[in-house]
Amino acid sequence: MSRAFIFGAGETVPLRAVPEDGDFVIAADGGMRYLDSLGIKPDLIIGDFDSSPEPDSGEIIKLPVEKDDTDSVFAVRYCLEHGFDEIHIYGGTGGRIDHTIANIQTLSYIAEHGGRGYLYSPEMVMTVIRNDFTFEPTGIFSVFSLGGTSHGVSITGGFYEMRNGEISSSFPIGVSNHSVGKPVTVTAGDGTLLVMWADHGKAAEKFIAY
């Protein structure tokens, strides 16, 4: 998969996945401060710059302040349109809870368009799936349905397992599962699932399959 990284203006967290040669890095508005603290130069800067000064150099796409897309959503659209189907979002949590929820919904948008997105907070990593996802959690993980009831859901490898079950968006039966020291596979069935797991910056999780 072709990887892109989007750095927003939210809280800074230790990097779990790190940009490498060939990856595409975007600063979404105030995310430039985040990248400066890491010594990483972005390939593209996107934003309306309502919360940060407009840079005076680099490749820039300036957006209007009044728009339907957030800066992060515009950056995600740009990534998908340019063939990047694995998108890591840093600085997308903290501060206003509505922006965090918007970025979780953005993970769903990525999944609907055939990609895989990851959103990082200080304690958790989040992704949204519409197929199978295998990973190696080192502690707590949770699975939630996004939109209605997801049927045909399976969770194997965790302490609590589910086979061909249902997870409703109105009852959090998938909360607070935990690792037993082996890979966990979550199958979405006919639904869209938010999978999130504890991560304290130790880069202990390994994504195995998509």
Side-chain angles (χ1 to χ4, degrees), residues 1-6 13-20 23 72-73 76 79-80 83-90 92-93 100-169 171-210:
M1 302 180 82
S2 299
R3 302 200 313 172
F5 289 76
I6 298 170
V13 301
L15 298 189
R16 279 75 156 189
V18 181
E20 300 175 351
D23 294 337
S72 294
V73 169
V76 163
C79 290
L80 293 171
F84 298 102
D85 51 6
E86 180 179 321
I87 303 172
H88 298 263
I89 303 173
Y90 287 98
T93 61
T100 299
I101 293 172
N103 285 322
I104 291 173
Q105 289 190 326
T106 300
L107 294 179
S108 184
Y109 179 86
I110 295 170
E112 288 177 0
H113 288 78
R116 173 63 46 75
Y118 299 97
L119 176 64
Y120 299 88
S121 78
E123 299 85 15
M124 308 290 288
V125 181
M126 293 163 267
T127 190
V128 169
I129 67 169
R130 295 168 63 89
N131 45 24
D132 295 342
F133 178 58
T134 301
F135 63 114
E136 291 183 358
T138 58
I140 296 294
F141 70 92
S142 298
V143 180
F144 302 100
S145 179
L146 296 182
T149 300
S150 298
H151 303 274
V153 176
S154 294
I155 303 171
T156 60
F159 186 83
Y160 302 105
E161 296 200 333
M162 174 181 287
R163 298 182 187 275
N164 198 32
E166 295 183 354
I167 295 183
S168 168
S169 59
F171 184 75
I173 193 171
V175 72
S176 293
N177 206 332
H178 59 87
S179 168
V180 293
K182 59 183 180 180
V184 172
T185 297
V186 179
T187 301
D190 65 359
T192 300
L193 300 178
L194 170 65
V195 182
M196 55 198 308
W197 60 99
D199 185 320
H200 301 290
K202 298 180 181 179
E205 287 74 16
K206 177 182 178 183
F207 311 134
I208 299 173
Y210 296 89

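Small disclaimer: the values here were computed from a predicted structure and weren't measured.
- Here the CD-CG distance, from Gln105 to Leu194, works out to 11.0 Å after rounding to the nearest 0.5 Å.
- Judged as a side-chain contact (heavy atoms from CB on, under 4.5 Å), and not counting sequence neighbours, the contacts of Ser179 are Pro137.
- Asn131 has its side chain within reach of Arg116: a pair of non-hydrogen atoms, C-beta onward, lies under 4.5 Å apart.
- Under the rule for a ring pair (Phe, Tyr, Trp, His ring centres under 6.0 Å), the partners of Phe159 that lie at least two apart in sequence or sit in another chain are His178.
- Contacts of Thr127 classified as side-chain hydrogen bond (donor to acceptor under 3.5 Å, both in side chains), with partners at least two apart in sequence or in another chain: none.
- For Asp190, there are no salt bridge (Lys or Arg N to Asp or Glu O under 4.0 Å) partners at least two apart in sequence or on another chain.
- Looking at every heavy atom in both residues, Ile6 comes nearest to Cys79 through CD1-SG, 4.2 Å.
- Here the straight-line distance linking atom CE of Met196 with atom CD1 of Ile104 works out to 6.0 Å at 0.5 Å rounding.
- For the atom pair CG (Leu146) and OG (Ser108), the distance works out to 5.5 Å, reported to the nearest 0.5 Å.
- Scored by the ring pair (Phe, Tyr, Trp, His ring centres under 6.0 Å) test, Phe144 finds no partners at all (sequence neighbours excluded).
- Note: Leu193 CG to Arg130 CZ = 10.0 Å, rounded to the nearest 0.5 Å.
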Quick one, Val143 with Asn177, criterion side chain to side chain contact (heavy atoms under 4.5 Å, CB included). Give me CA distance, side-chain angles, the key distance, then yes/no. CA-CA 8 Å; Val143 180; Asn177 206 332; over 6 Å; no
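- Note that the CG atom of Leu119 and the OH atom of Tyr90 stand 10.5 Å from one another [nearest 0.5 Å].
- The side-chain heavy atoms of Thr93 and Asn103, taken from C-beta on, include no pair separated by under 4.5 Å.
- Residues forming a ring pair (Phe, Tyr, Trp, His ring centres under 6.0 Å) with Tyr109 (at least two apart in sequence, or on another chain): His113.
- Applying the side-chain hydrogen bond (donor to acceptor under 3.5 Å, both in side chains) rule to Thr185 yields the partners Thr134; only residues at least two apart in sequence or on another chain are considered.
- Contact between Met126 and Ser121 at its shortest, heavy atoms only, is CE-CB, 4.2 Å.
- With rounding to the nearest 0.5 Å, the separation of CZ in Arg3 from CD in Glu20 is 5.0 Å.
- A side chain to side chain donor-acceptor pair (under 3.5 Å) check over residues 143-156, counting only residues at least two apart or in different chains, returns the pairs Ser145-Ser150, His151-Glu166.
- For the side-chain hydrogen bond (donor to acceptor under 3.5 Å, both in side chains) test, residues two or more places apart in sequence or in another chain that qualify with Glu161 are Arg163.
- For the side chain to side chain contact (heavy atoms under 4.5 Å, CB included) with Phe171, the qualifying choice from Val175, Ile173, Ile167 is Ile173, the only one to do so.
- You'll find the side chain of Asp23 reaches within 4.5 Å of the side chain of Phe5, heavy atoms only.
- Phe141 is linked by a ring pair (Phe, Tyr, Trp, His ring centres under 6.0 Å) to Phe135, counting only residues two or more places apart in sequence or in another chain.
- Side-chain contact check for Asp85 versus Ser2: some heavy-atom pair is nearer than 4.5 Å.
- The number of heavy atoms from other shown groups lying within 6.0 Å of CG (Leu80) is above 12.
- In terms of the side-chain hydrogen bond (donor to acceptor under 3.5 Å, both in side chains) criterion, Thr106 has no residue partners (sequence neighbours excluded).
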